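Note that the coordinates shown come from a computational prediction; the quantities given were computed from them, not determined experimentally.
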Amino acid sequence: MIKGRITVLAVMVWTLVGAGQLFAQNARIKIDVERKVGEIDKLLYGNFVEHLGRCVYGGIYDEGSPLSDERGFRKDVLEAVKGLNVSITRYPGGNFVSNYHWKDGVGPKDERPPRMELAWARLESNRFGTNEFMQFAREIGTEPYFSVNMGTGTIEEAQQWVEYCNVAEGPYYAELRKQHGFAEPWNIKYWSLGNEMDGFWQMGHLNAEDYAKKAREAAKLMKLTSPDIKLIAAGSSNYRPDADPNEWNATILAELRDVVDYLALHMYVGNPSDDYYNYLSTPLVLEERTKVVKGLIAREMENADRGDREPIYIAWDEYNSWYRARDAETMAGTRALEELYNLEDALVIAGFLNAFVRNADIVKMANMAQLVNVIAPIFTSEDDMFLQTIYYPLQLFAQNVYGTSLDVFVDCDTYATDEFFVGLGESTTKQEAVPYLDVSAAYLNGEVIINVVNRHKDEAITTDIISQEGEFEGSVEIYEVNGPNVKARNDFGKTEVESKKLSPVKAKGEVFTYTFPAHSFTQLKARLK
């Protein structure tokens with residue numbers, strides 16, 4: 001593995017210590033509150049509920065269980081979800097939505113038709129649908145985000161769902177909602193125009209031109225029904241060697257630049273070759289893709305006719321690590337996609353969140369896929385539950401990282417990667433200079449929140465944290481996610497990886513020094529005057 005150092009200096013700086021001995025300087029993180037990237041949107045800390053495996057049934061919803069309330073919601077799951085401060089939740093899919101007809105999931109439960117679920121090979125009872133999800137959303141305090149069926153569905157069906165959810169009274173579907181026992185409209189603001197429509201695996205898959213035509217007409221009907229809704233177009237999800245995701249994104253943006261508010265991107269990563277350092281660098285691929293799409297958006301905004309609306313933003317509305325449950329047995333049925341995560345997975349998730357914050361000017365929504373059991377931070381059995389390793393970095397970001405994203409300077413040692421795996425069937429990528437310290441920072445009301453992943457598997461990294469404007473003052477609050485080794489994981493009755501609040505350190509002046517442990521995620525909260 002080739003090692004280097006990222007630095008702004010032309011020559012290495014050395015510090016003279018003691019009796020004439022030379023030591024290489026510490027790594028450095030420079031914070032300048034005047035170097036602003038953009039405002040951090042609370043919707044970066046979203047999640048995703050799909051009718052897949054045990055995400056809904058046996059996850060958030062378990063009728064008849066002694067652990068559930070009278071509505072069927074698992075009480076232990078509700079408590080864990082509330083701890084994540086989930087800002088927005090996408091529903092009901094995912095691949096599932098491309099053959100889902102929302103009318104099957106409303107009205108008296110015993111009269112709802114069971115259907116073959118073709119995306120993930122299971123029976124869909126439809127006992128959980130629009131109104132059950134909205135009760136769940138209100139209970140956990142999350143913004144609902146619905147995806148309409150742009151595969152086997154029609155544009156009229158999409159319009160009728162908006163009418164059912166958002167129109168107070170009068171037309172047929174608004175009155176139908178009232179007959180179902182929900183007098184007030186749900187007023188769902190965010191709607192995506194299908195899911196992964198560039199993927200050949202999607203039911204009702206369309207090419208870019210045909211998808212754009214259908215999405216435009218669906219959007220027209222939906223906006224005429226509820227003018228204030230925000231629309232999300234299906235961006236690239238197919239990065240296989242025979243696909244051209246940038247061409248797809250360019251076409252969608254050119255055709256829908258005056259229509260939609262976000263472009264949705266998806267990415268899953270993994271470590272099937274057990275190469276720790278390559279795996280820890282995968283969030284940089286997400287960041288590269290973000291910057292490419294940002295450029296495509298900028299080009300289209302020059303000629304867009306959006307009135308006083310904001311420009312199009314990026315929604316990473318599916319992201320996670322997913323590679324263990326990827327074969328025929330683990331991708332279908334009632335126990336589909338049940339990954340058990342370890343510490344290195346948690347560090348990758350922290351890297352994703354750092355990338356979202358570093359690109360807060362263009363990334364305004366992100367949804368970890370998914371919420372419970374299915375590639376999820378929360379895992380249940382019939383009578384128990386535990387929090388997976390990936391729960392903890394998401395929790396720390398969602399509870400603390402708001403305000404203005406800062407353009408942080410980092411000077412530390414680096415390493416190079418080989419070509420490595422990024423999702424099922426995707427082309428590989430190589431990184432030449434991956435910094436051991438992966439950093440983002442936010443500034444809010446005189447406080448700077450610094451998020452640091454130490455990717456080094458074996459070594460702690462002592463780091464000078466430097467303020468370019470203002471001085472540190474008072475105690476620095478410290479939270480750390482770590483474990484005994486990178487393969488450490490949690491299970492029922494066993495917690496090896498969690499978030500710990502450490503003893504604070506005092507900081508005064510322009511610099512304080514902190515040592516980031518090997519294979520760790522650390523969040524520092526410091527006051528500036």
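- Seen from the ring of Phe182, Arg177 does not count as a face-on cation partner, given the 6.0 Å and 45° thresholds.
- Cation-pi geometry between Arg326 and Trp322 is met: under 6.0 angstrom from the ring centre, within 45 degrees of the axis.
- Taking a cutoff of 4.0 Å between a charged side-chain nitrogen and a carboxylate oxygen, Lys220 and Glu156 do not qualify as a salt bridge.
- Note: Tyr211 and Trp248 meet the aromatic proximity criterion, with ring centroids under 6.0 Å apart.
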Would Asn359 and Thr290 count as a side-chain hydrogen bond (donor to acceptor under 3.5 Å, both in side chains) if you check the C-alpha gap in whole Å, the side-chain angles of each, and the deciding distance to 0.1 Å?
-> CA-CA 8 Å; Asn359 294 275; Thr290 297; 5.3 Å; no

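- Checked against Phe386 for a side-chain contact (heavy atoms from CB on, under 4.5 Å), the options Asn490, Thr380, Thr495 give a single hit: Asn490.
- Proximity of Thr152 to His101: side-chain heavy atoms (C-beta onward) are separated by under 4.5 Å at one or more points.
- Looking only at side-chain heavy atoms (C-beta outward), Leu263 and Arg257 stay at 4.5 Å or farther from each other.
- Residue-environment remark: NZ (Lys294) stays at or below the threshold of 12 foreign heavy atoms within 6.0 Å.
- Relative to the six-membered ring of Phe133, Arg138 misses at least one condition, a distance below 6.0 Å or an angle of at most 45° to the axis.
- Taking a cutoff of 4.0 Å between a charged side-chain nitrogen and a carboxylate oxygen, Asp261 and Arg309 qualify as a salt bridge.
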Might you work through the side-chain hydrogen bond (donor to acceptor under 3.5 Å, both in side chains) test for Ser381 and Asp384, ending with a clear yes or no?
-> CA-CA 5 Å; Ser381 66; Asp384 204 356; 5.3 Å; no

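- Glu163 and Thr225 are not linked by any side-chain donor-acceptor pair at a separation below 3.5 angstrom, with hydrogens and angles left out of the test.
- For Trp102 and Tyr173, the distance between ring centers is under 6.0 angstrom.
- With respect to the salt-bridge test (charged N to carboxylate O, under 4.0 angstrom), the residues Glu338 and Arg335 qualify.
- The six-membered or imidazole ring of Phe96 lies near that of His51, with a centre-to-centre distance under 6.0 Å.
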Could you walk me through whether Asn126 and Lys109 pass side-chain hydrogen bond (donor to acceptor under 3.5 Å, both in side chains), step by step?
-> CA-CA 8 Å; Asn126 283 307; Lys109 291 182 184 180; over 6 Å; no

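- More than 12 heavy atoms of other residues, nucleotides or ligands shown are found within 6.0 angstrom of CD on Glu288.
- Residues Lys189 and Glu143 are not paired through a salt bridge, judged by the lack of any N-O separation under 4.0 Å between the basic side chain and the carboxylate.
- Between Tyr100 and Tyr91, the distance from one ring center to the other does not fall under 6.0 angstrom.
- In this structure, Lys42 places its NZ atom where only 12 or fewer heavy-atom neighbours from other residues, nucleotides or ligands lie under 6.0 Å away.
- The pair Lys75-Asp62 fails the salt-bridge criterion, with no side-chain N (NZ, NE, NH1 or NH2) lying under 4.0 Å from an Asp/Glu carboxylate O.
- A distance-only check finds a donor-acceptor pair linking the side chain of Thr282 to the backbone of Tyr279 [under 3.5 Å].
- In this structure, Glu247 places its CD atom where only 12 or fewer heavy-atom neighbours from other residues, nucleotides or ligands lie under 6.0 Å away.
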Given side-chain hydrogen bond (donor to acceptor under 3.5 Å, both in side chains), test Asn195 with Arg90 step by step and report yes or no.
-> CA-CA 11 Å; Asn195 172 76; Arg90 184 170 174 243; 2.7 Å; yes

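- Remark: the Asn131 side chain and the His180 side chain contain no N/O donor-acceptor pair separated by less than 3.5 Å.
- Look at Arg74 and Asp76 and you find a salt bridge, because one of the NZ, NE, NH1 or NH2 atoms lies within 4.0 Å of a carboxylate O, short of that distance.
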ring-ring contact (aromatic ring centres under 6.0 Å, His included) between Tyr341 and Tyr392, worked out = CA-CA 12 Å; Tyr341 290 109; Tyr392 296 101; over 10 Å; no

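- Of the options Tyr145, Trp186, Trp161, a ring-ring contact (aromatic ring centres under 6.0 Å, His included) to Trp191 is made by Trp161 and by none of the others.
- Checked by atom type and distance alone, the side chain of Glu496 pairs as donor or acceptor with a backbone atom of Arg489 at under 3.5 Å.
- Residues Ala212 and Leu256 share a closest heavy-atom pair of O-CD2, 3.6 Å.
- Between Met197 and Ile252, every side-chain heavy-atom pair lies at or beyond the 4.5 Å cut-off.
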Please report the C-alpha distance between Phe397 and Phe521 in whole Å, then the side-chain angles of each, then the deciding distance to 0.1 Å, and finally whether the ring-ring contact (aromatic ring centres under 6.0 Å, His included) criterion is met.
-> CA-CA 11 Å; Phe397 272 85; Phe521 169 63; 5.5 Å; yes

